[in-house]
Amino acid sequence: MIVASNRASAGVYADTSGPRLVAGLRELGCEVGDPVVVPDGDPVTQALREAVTDGVDVVLTSGGTGVTPTDRTPEATRGLLDFEIPGIAEAIRAYSRDRVPAAALSRGLAGVAGRTLIVNLPGSTGGAKDGLAVLGPILKHTVDQIRGGDH
């Protein structure tokens with residue numbers, strides 16, 4: 001779990017999306033440590049690279065998916081992916097869009113680097129909740145497929 005937030009990483013405020021995602025992943029039966037909070041940009045790339053190298057099954061990122069000049073998480077992610085899974089990112093945006101029109105501005109990606117599923121989520125607690133709602137029913141199957149499981 002990687003949180004991309006310039007302000008939270010600088011201690012301006014406490015991150016709230018990371019703990020929500022960790023709790024949600026644990027409820028889904030995943031083993032997950034505490035969130036790693038880093039500034040957006042190159043630190044996100046480095047944290048993702050480390051997770052892929054460590055063989056982590058799933059990495060969720062929170063934050064940095066919007067359209068401000070500092071939102072760089074999709075770019076940090078795209079360079080590491082072997083292939084994208086656009087349906088996951090599209091489903092997350094679609095799930096949120098009717099309630100939160102700004103969800104359409106999310107540039108979050110989903111894809112696979114090595115044997116690691118990476119999914120970019122918005123940095124809000126609502127974005128975390130919605131992301132978990134979409135991922136919950138498909139996460140175990142997706143990880144199984146990445147590991148070479150049968151359909």
Next on the checklist: Rounded at 0.5 Å granularity, tell me how far OH in Tyr95 sits from CG in Leu132.
Outcome noted: 10.0 Å
Next on the checklist: Could you go through Asp40 and Thr73, starting from their C-alpha distance and side-chain angles, then the distance that decides it, and tell me whether this counts as side chain to side chain donor-acceptor pair (under 3.5 Å)?
Outcome noted: CA-CA 6 Å; Asp40 211 343; Thr73 300; 3.1 Å; yes
Next on the checklist: Looking at Asp42, I'd like to know if its CG atom is crowded, meaning that more than 12 non-hydrogen atoms belonging to other residues, nucleotides or ligands lie closer than 6.0 Å.
Outcome noted: no
Side chains of residues 47-54: which donor-acceptor partners sit under 3.5 Å, not counting sequence neighbours?
unit_1 : atom_1 : unit_2 : atom_2 : d
Glu50  : OE2    : Gln46  : NE2    : 3.1
Thr53  : OG1    : Arg49  : O      : 2.9

Next on the checklist: Can you tell me how far apart CZ (Arg115) and CG (Asp82) are? Round to the nearest 0.5 Å.
Outcome noted: 10.0 Å
Next on the checklist: Would you say that Pro86 contacts Ile88 through its side chain, given a criterion of any heavy-atom pair below 4.5 Å between the two side chains?
Outcome noted: no
Checklist entry - If you group Ile, Leu, Val, Met, Phe, Trp and Tyr by side-chain heavy-atom gaps below 4.5 Å, do Val3 and Ile92 land in one group? => result yes
Item to check | Where Pro39 and Pro43 come nearest, the two heavy atoms and their spacing | outcome: O-CB, 3.4 Å
Item to check | Closest heavy-atom pair and its distance - Gly41, Ala76 | outcome: O-CB, 4.0 Å
Item to check | Step-by-step side chain to side chain donor-acceptor pair (under 3.5 Å) determination, Asp71 to Thr68 | outcome: CA-CA 5 Å; Asp71 287 329; Thr68 72; 2.9 Å; yes
Item to check | Test: Glu84 and Arg78 ion pair at under 4.0 Å | outcome: yes
Checklist entry - If every non-hydrogen atom of Ala103 is compared with every non-hydrogen atom of Ser96, which pair is closest and at what distance? => result CB-CB, 3.6 Å
Next on the checklist: Using the rule that Ile, Leu, Val, Met, Phe, Trp and Tyr join whenever any side-chain heavy atoms are under 4.5 Å apart, tell me whether Val22 and Val143 fall into a single cluster.
Outcome noted: yes
Checklist entry - Would Ile146 end up clustered with Leu109 when hydrophobic side chains under 4.5 Å apart are linked, directly or stepwise? => result no
Item to check | Pair listing, salt bridge (Lys or Arg N to Asp or Glu O under 4.0 Å) test, anchored in residues 120-149, at least two apart | outcome: Asp57-Arg147, Arg99-Asp130
Checklist entry - Looking at Ser106 and Thr65, what are the two nearest heavy atoms and their distance? => result OG-OG1, 3.5 Å
Checklist outcome for this item: Here the pair of heavy atoms bringing Thr116 nearest to Gly55 is OG1-C, 4.4 Å
Item to check | Whether over 12 other heavy atoms sit under 6.0 Å from Arg26 CZ | outcome: yes
Next on the checklist: Whether the side chain of Arg20 engages the backbone of Gly127 through a donor-acceptor N/O pair (distance < 3.5 Å, no angle test) should be reported.
Outcome noted: no
Checklist entry - side-chain contact (heavy atoms from CB on, under 4.5 Å) between Thr61 and Leu121: does it pass, once the steps are laid out? => result CA-CA 6 Å; Thr61 67; Leu121 298 173; 5.8 Å; no
Item to check | side chain to side chain contact (heavy atoms under 4.5 Å, CB included), paired with Ile118, selected from Leu81, Ile85, Ile2 | outcome: Leu81
Checklist entry - So do the side chains of Leu117 and Val119 get within less than 4.5 Å of each other, counting heavy atoms only? => result yes
Item to check | Shortest non-hydrogen contact from Met1 toward Ser62 | outcome: CE-CB, 3.8 Å
Item to check | Derivation of the side-chain contact (heavy atoms from CB on, under 4.5 Å) call for Leu25 and Leu60 | outcome: CA-CA 10 Å; Leu25 288 169; Leu60 302 183; 3.8 Å; yes
Item to check | Arg107 side-chain N/O to Gly66 backbone N/O, donor-acceptor pair under 3.5 Å | outcome: yes
Checklist entry - With hydrophobic residues grouped by side-chain heavy-atom distances under 4.5 Å, do Leu21 and Ile138 end up in a single group? => result yes
Checklist entry - Are Val59 and Val37 connected, step by step, through hydrophobic side chains (Ile, Leu, Val, Met, Phe, Trp, Tyr) whose heavy atoms are closer than 4.5 Å? => result no
